[in-house]
Amino acid sequence: MTAFTLGTWNVNSLKVRLPQVLDYMANQTVDVLCLQETKLTDDAFPEQAFIDAGLHVSFTGQKTYNGVAIISRSPQSDVLKNMPHFEDEQQRLISATINGIRVICAYMVNGQDLDSDKFIYKMNWLTALESHLKTELLQHDKLALLGDFNIAPEDCDVHDPAKWIGGNLVSPQERGFFQAFLALGLTDSFRLFEQADQSFSWWDYRQMGFRRNAGLRIDHILLSNALSKDCVRCVIDKEPRRHEQPSDHTPVLATLEIK
DNA sequence: ATGGCAATCCGAGATTGA
């Protein structure tokens, strides 16, 4: 039996957080780490820093916004950027096969407000993802979808549900997509295990959100049945959020025991 | 109720995030 840990972390600028990410890979037992909001064009991506650390990396990015990457200890194959059937200039999805696992790293759309054009884009993007996942699941028994979903699936994933009711990140439309992903045969690995109440993965920088634990659980690791049966642990690692100059998100980790 | 923080960019205040 060997332990294999998958992680996801919205770093809110890899330029700023590169030392923290390298440190995390050096000090933690994470085998695959999915990053979101790298905010770097591909020519500016610090690929060599990861290679020098003995790591494998794939990435797709753009200026200022979005951008995703997958870092791994083992080699990656069949790297796919974006979704083949969804034209999108925003760089929000990257997939790679690592140790026989299809890893899909997603930075899902924020949506801003239910009345906004961005919310329409969010609905379209999620529709495309659902369709894309169906295709990927046909080809890959072992599939993990990790990332910043920008969806808090249940009221217990929200620090103050009454204040957020019906709004962006918690609307029935968005939660419907989360349930649709589960209906494809994926499992929310965090909810496989007993967890503390008020467990969150993101806290607002403002008003001491982290200290007040005024947060949301919007970063998730969904596993196909072939993986969830071997999942022995899923945790939110709050340590990086306590660092100097932290991202507003903190890593979520899922560990598999592979025979 | 509003804005509050952080990161980005043709470089000061606007935009975005969640």
Side-chain angles (χ1 to χ4, degrees), chain A residues 8-21 34-46 59-69 88-93 105-126 129 146-178 190 198-221 236 238 240-252:
Chain A
T8 181
W9 191 5
N10 179 326
V11 290
N12 185 19
S13 167
L14 184 58
K15 185 182 173 186
V16 174
R17 237 67 68 188
L18 179 62
Q20 293 186 34
V21 172
C34 296
L35 305 180
Q36 301 87 37
E37 285 208 85
T38 55
K39 300 187 180 180
L40 291 170
T41 53
D42 290 352
D43 60 302
F45 193 93
F59 49 89
T60 184
Q62 65 186 84
K63 200 170 174 181
T64 314
Y65 303 117
N66 311 316
V68 284
D88 193 3
E89 57 190 33
Q90 299 191 22
Q91 302 303 303
R92 296 180 172 277
L93 200 84
C105 169
Y107 175 49
M108 302 192 194
V109 180
N110 177 302
Q112 196 168 60
D113 190 279
L114 270 65
D115 296 327
S116 69
D117 290 344
K118 288 173 183 168
F119 194 81
I120 295 168
Y121 168 60
K122 184 172 194 172
M123 294 295 102
N124 292 336
W125 197 94
L126 292 170
L129 179 62
L146 306 91
D148 177 356
F149 283 50
N150 272 313
I151 302 172
E154 314 251 10
D155 279 353
C156 62
D157 301 311
V158 180
H159 71 279
D160 186 351
K163 198 162 105 181
W164 286 75
I165 192 161
N168 191 44
L169 311 183
V170 304
S171 72
Q173 296 95 309
E174 292 160 274
R175 287 178 169 176
F177 275 104
F178 192 88
F190 192 72
Q198 304 277 302
S199 289
F200 306 125
S201 64
W202 168 90
W203 301 263
D204 202 310
Y205 284 122
R206 299 167 288 189
Q207 277 196 292
M208 297 185 289
F210 184 61
R211 261 205 271 174
R212 295 190 300 119
N213 198 31
L216 301 170
R217 190 176 73 95
I218 52 177
D219 301 271
H220 308 295
I221 301 177
I236 295 172
K238 286 165 82 169
R241 192 61 172 79
R242 298 187 186 104
H243 290 170
E244 287 291 312
Q245 206 174 9
S247 168
D248 43 357
H249 297 251
T250 210
V252 181

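To find a chain, count down the sequence lines: A is the first, B the second, and so on, and within it residues start at 1. Because only heavy atoms are used, hydrogens play no part in the values below, and waters and symmetry mates are left out as well, while side chains stay in.
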List, with names and distances, any nitrogen or oxygen atoms from the protein found under 3.5 Å away from nitrogen or oxygen atoms belonging to nucleotides 9-15 of chain B.
none

Residue pairs involving residues 10-19 of chain A (criterion salt bridge (Lys or Arg N to Asp or Glu O under 4.0 Å); sequence neighbours excluded): none
Residue pair A:Glu37 / A:Asn12, side-chain donor-acceptor N/O under 3.5 Å: no
Atom-pair distance (NZ on A:Lys122; P on B:dG17), nearest Å: 10 Å
Length of the CG-P vector between A:Leu18 and B:dA7, whole Å: 14 Å
Any A:Arg206 side-chain N or O less than 4.0 Å from OP1/OP2 of B:dG17: no
Sugar-phosphate only, base, or nothing, as touched by A:Tyr107 at under 4.0 Å among non-hydrogen atoms: sugar-phosphate
A:Ser13 side chain near B:dT8 phosphate (N/O to OP1/OP2, under 4.0 Å): yes
Under the salt bridge (Lys or Arg N to Asp or Glu O under 4.0 Å) test, residues paired with A:Arg206 that sit two or more places apart: A:Asp204
Value in whole Å for how far the P atom of B:dT16 lies from CG of A:Asp148: 17 Å
Those residues that, when tested against A:Arg211, pass salt bridge (Lys or Arg N to Asp or Glu O under 4.0 Å) (two or more places apart): none
For A:Phe178, ring pair (Phe, Tyr, Trp, His ring centres under 6.0 Å) partners two or more places apart: A:Phe149, A:His220
Salt bridge (Lys or Arg N to Asp or Glu O under 4.0 Å): pairs with one or both residues in residues 153-170 of chain A, sequence neighbours excluded: A:Asp155-A:Arg175, A:Asp157-A:Arg191, A:Asp157-A:Arg217
